[in-house]
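Just so you know, residue 1 is the first one in the sequence shown, and it goes up from there. Not measured: the values here are computed from a predicted model. Heavy-atom basis, side chains included; hydrogens, waters and symmetry copies ignored.
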Amino acid sequence: MNKRIKWIDIVKGMLIILVVLGHIIPISGRASTTVYGLWFLPCLFLAELAMYWVKRLNEKSFIKAMSLFILLCIACIAINIVTGVISIISIFPIAIVFLILGISVRNRCEIIAKRKLWICIVSFIFFISVVVLNYSVTGYAVDLSSMVLGFWPLYIISSLFGSIFLCSTAMLLEDFKVFSILGRDSLYYYGLHYESLGVIEKIVPWGVMQTALTFIVLFPIVTAYKKTMITLRRS
């Protein structure tokens with residue numbers, strides 16, 4: 001049984017490597033990422049690696065750390081310009097900026113927690129307002145996976161308000177057991193939702209109902225998978 005578990009882990013590791021490589025390299029040549037809803041995971045993975053080395057260098061030399069950060073961003077932008085293809089590498093500079101901002105404010109969450117309801121309402125209003133303004137000015141609906149940002153300063157501002165809204169909403173819902181369970185298993189749902197949604201959206205036209213049905217369909221699948229993996233590890 002230990003050999004079986006070992007082979008399962010090896011196969012899972014190989015699949016992860018192949019999927020990540022397939023997501024990073026723009027194989028299809030399309031004007032968008034090749035990863036559908038999963039582009040976020042490899043992008044976050046690369047940004048985390050970059051932040052690790054920038055942080056290590058920053059402990060020794062701030063200039064070296066900033067130089068590495070700037071060179072990485074320039075290289076990613078250059079690859080995008082030369083190839084003309086959107087990939088995870090194209091999105092990387094924006095991802096790392098948001099990661100730096102997140103790291104900078106993660107120890108200040110108590111400020112949001114004290115007035116989470118009002119912050120939730122206000123941030124949502126500002127988020128919607130800036131998104132509508134961006135669309136009115138540029139005519140583009142924002143899609144980071146395809147690097148369609150509209151007027152990028154407005155995109156950054158709307159993203160910050162959107163992030164604050166999500167953080168405050170999460171704090172408001174943290175006492176609800178259902179949301180806690182969904183939150184713990186969010187990566188499973190994130191990885192599986194696209195194929196399920198592709199079928200559901202052909203049957204149900206309303207976005208809210210599509211989301212609800214996706215969770216309903218995936219819940220028993222995710223639960224069964226987790227129980228199976230726990231059983232295999234204990235055997």
Side-chain angles (χ1 to χ4, degrees), residues 1-24 32-49 51 88 91 95 98-99 102-103 106 109 112-113 116-117 119-120 123-124 127 143-146 159 162-235:
M1 189 58 69
N2 289 333
K3 290 183 177 179
R4 185 180 179 185
I5 295 173
K6 185 178 180 181
W7 277 109
I8 289 174
D9 292 337
I10 291 173
V11 171
K12 285 172 61 179
M14 291 176 65
L15 286 174
I16 290 171
I17 292 172
L18 289 173
V19 170
V20 169
L21 287 177
H23 292 353
I24 294 173
S32 62
T33 58
T34 61
V35 296
Y36 306 103
L38 298 178
W39 65 269
F40 175 82
L41 296 178
C43 190
L44 179 61
F45 174 71
L46 289 180
E48 289 276 5
L49 287 180
M51 281 301 302
I88 296 302
I91 304 170
F98 282 121
L99 192 58
I103 292 172
R106 65 182 175 183
C109 289
I112 298 177
K116 51 193 174 186
L117 178 59
I119 290 176
C120 179
S123 59
F124 178 74
F127 167 70
D143 180 9
L144 182 57
S145 66
S146 299
S159 299
S163 299
I164 294 170
F165 166 70
L166 290 176
C167 289
S168 55
T169 302
M171 291 177 182
L172 287 170
L173 299 176
E174 63 183 350
D175 294 329
F176 290 85
K177 188 176 180 179
V178 174
F179 292 108
S180 298
I181 294 172
L182 294 177
R184 286 198 302 270
D185 298 335
S186 58
L187 282 180
Y188 293 107
Y189 291 100
Y190 187 74
L192 296 171
H193 84 281
Y194 190 84
E195 298 301 331
S196 303
L197 187 58
V199 177
I200 291 172
E201 66 183 1
K202 292 179 174 60
I203 303 172
V204 180
W206 306 286
V208 175
M209 286 297 296
Q210 290 173 1
T211 302
L213 283 174
T214 300
F215 278 112
I216 292 171
V217 169
L218 291 181
F219 182 78
I221 297 174
V222 171
T223 302
Y225 172 79
K226 288 178 63 181
K227 288 182 178 179
T228 302
M229 294 306 297
I230 291 171
T231 302
L232 286 173
R233 290 193 174 97
R234 288 177 177 175
S235 301

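Legend: salt bridge (charged side-chain N to carboxylate O under 4.0 Å, His left out) pairs involving residues 197-224, not counting sequence neighbours: none detected. Residue pairs meeting the salt bridge (charged side-chain N to carboxylate O under 4.0 Å, His left out) criterion with at least one partner in residues 204-228, sequence neighbours excluded, are Asp185-Lys226.
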Under 3.5 Å, which donor-acceptor pairs do the side chains of residues 162-170 form with other protein atoms, sequence neighbours left out?
unit_1, atom_1, unit_2, atom_2, d
Ser163, OG, Ser159, O, 2.9
Ser168, OG, Ile164, O, 3.0
Ser168, OG, Phe165, O, 2.9
Thr169, OG1, Phe165, O, 2.7

In a table with atom names and distances, give each donor-acceptor pair under 3.5 Å that connects a side chain of residues 212-220 to protein atoms at least two apart or in another chain.
unit_1, atom_1, unit_2, atom_2, d
Thr214, OG1, Gln210, O, 2.7

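Across all non-hydrogen atoms, the minimal contact from Leu99 to Glu48 is CD2-N, 3.9 Å.
Checked against side chain to side chain contact (heavy atoms under 4.5 Å, CB included), Met171 has the following partners two or more places apart in sequence or in another chain: Cys109, Ile112, Ala113, Lys116.
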